[in-house]
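Residue numbers start from 1 in every chain, and the chains themselves are labelled A, B, ... in the order their sequence lines are given, proteins ahead of strands.
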Amino acid sequence: MNATEVRVSERPLARYGLLMAVCLVAGGIAGGVSAAFGEAAGVGPVIVAGSVGLAMAAGLWVCARWWRALDEAAQEAHKWAWWWGSTFGLAIGGVALFTLAYATPDALTAEPKDLLLGGAGLVALGQTVGYGVAWAVWWLKRR
Amino acid sequence: MNNRLKVLRAERNWSQADLAAALGVSRQTVNALETGRYDPSLPLAFKIARVFSQPIESIFSDTGA
């Protein structure tokens with residue numbers, strides 16, 4: 001099959017299940033290693049980096065296979081959603097982030113870890129919602 | 001861009017799913033092509049031409065021309 005002969009995924013649920021299974025195994029391994037060696041000094045970050053890295057690598061591998069199985073219109077919908085949806089979501093998330101930081105008296109005196117996770121979570125949520133909305137809009141306009 | 005996909009498909013009594021299978025795309029993509037709301041890439045346009053055994057210019061026409 002050459003690059004122009006794309007085909008539609010026939011088993012999207014199986015691919016999703018495979019990704020979940022890989023993440024489950026990675027989580028189990030990370031949990032086991034953490035239980036066995038987590039108390040040793042300096043091992044925690046290595047375990048986190050290793051397990052998250054493994055999960056990300058598995059996710060990227062599944063995504064690459066899924067992407068190649070999409071036809072060109074489906075790919076175009078995702079590219080459009082990635083740019084417009086994520087950009088608008090980033091902008092809206094940024095507005096929410098700075099508004100909350102300004103309106104919350106102790107926001108800038110909170111623990112750096114809380115600020116980091118809260119800010120990243122808020123922006124990621126905005127981008128994810130924006131992506132989903134933009135993807136749906138792309139297809140609804142072409143029905 | 002206008003196209004004659006729907007007419008050509010009807011002449012052959014093909015469903016959108018039949019054409020989608022012949023082209024290796026989803027039925028939703030065929031629908032988007034037929035309604036003129038999605039313009040195919042050159043490789044897909046050539047594939048459509050091969051499936052219908054017609055030159056590209058007899059299937060697609062530029063509305064701006």
Side-chain angles (χ1 to χ4, degrees), chain A residues 1-21 58-89 127-143, chain B:
Chain A
M1 177 179 293
N2 64 41
T4 63
E5 292 178 341
V6 292
R7 59 184 165 77
V8 181
S9 170
E10 295 174 356
R11 295 179 297 166
L13 286 178
R15 290 171 191 273
Y16 180 75
L18 178 63
L19 173 61
M20 291 298 107
L60 288 172
W61 179 75
V62 173
C63 278
R65 289 175 59 87
W66 164 77
W67 181 259
R68 283 196 291 267
L70 292 177
D71 68 34
E72 64 174 55
Q75 288 183 347
E76 186 63 27
H78 282 291
K79 284 187 274 188
W80 194 85
W82 180 77
W83 169 249
W84 288 109
S86 297
T87 301
F88 270 79
Q127 288 192 299
T128 304
V129 171
Y131 189 105
V133 170
W135 179 85
V137 165
W138 195 94
W139 277 114
L140 285 172
K141 284 170 67 178
R142 287 162 180 81
R143 289 190 69 188
Chain B
M1 185 176 287
N2 293 325
N3 68 71
R4 297 175 52 239
L5 279 182
K6 195 168 186 176
V7 173
L8 293 169
R9 180 172 64 78
E11 287 173 357
R12 288 157 178 78
N13 285 324
W14 288 354
S15 66
Q16 286 188 338
D18 293 333
L19 180 55
L23 295 173
V25 301
S26 68
R27 193 196 59 77
Q28 288 79 8
T29 295
V30 169
N31 187 63
L33 288 165
E34 285 188 356
T35 54
R37 294 185 176 120
Y38 175 71
D39 293 333
S41 65
L42 268 177
L44 181 56
F46 274 106
K47 196 166 189 176
I48 290 169
R50 279 199 301 273
V51 165
F52 288 117
S53 302
Q54 299 207 7
I56 288 179
E57 58 269 27
S58 75
I59 301 174
F60 297 96
S61 58
D62 184 5
T63 52

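With rounding to the nearest 0.5 Å, the separation of CZ in A:R143 from OG1 in B:T35 is 11.0 Å. Atom CZ of B:R27 and atom CG of A:D71 lie 12.0 Å apart (nearest 0.5 Å). Atom CD of A:E76 and atom CG of B:D39 lie 10.5 Å apart (nearest 0.5 Å). B:Y38 contributes atom OH, which lies 8.5 Å from atom CH2 of A:W139 (distance to the nearest 0.5 angstrom).
A:R142 and B:R37 make their closest contact through NE-O, 3.1 Å (heavy atoms, listed as atom of the first residue, atom of the second, distance).
At most 12 non-hydrogen atoms from other residues, nucleotides or ligands lie less than 6.0 angstrom from CH2 of A:W135. Around CH2 of A:W67, the count of heavy atoms belonging to other residues, nucleotides or ligands within 6.0 Å exceeds 12.
For chain A, the nearby parts of B:Q28 are the backbone and the side chain; heavy atoms of each come within less than 4.5 Å.
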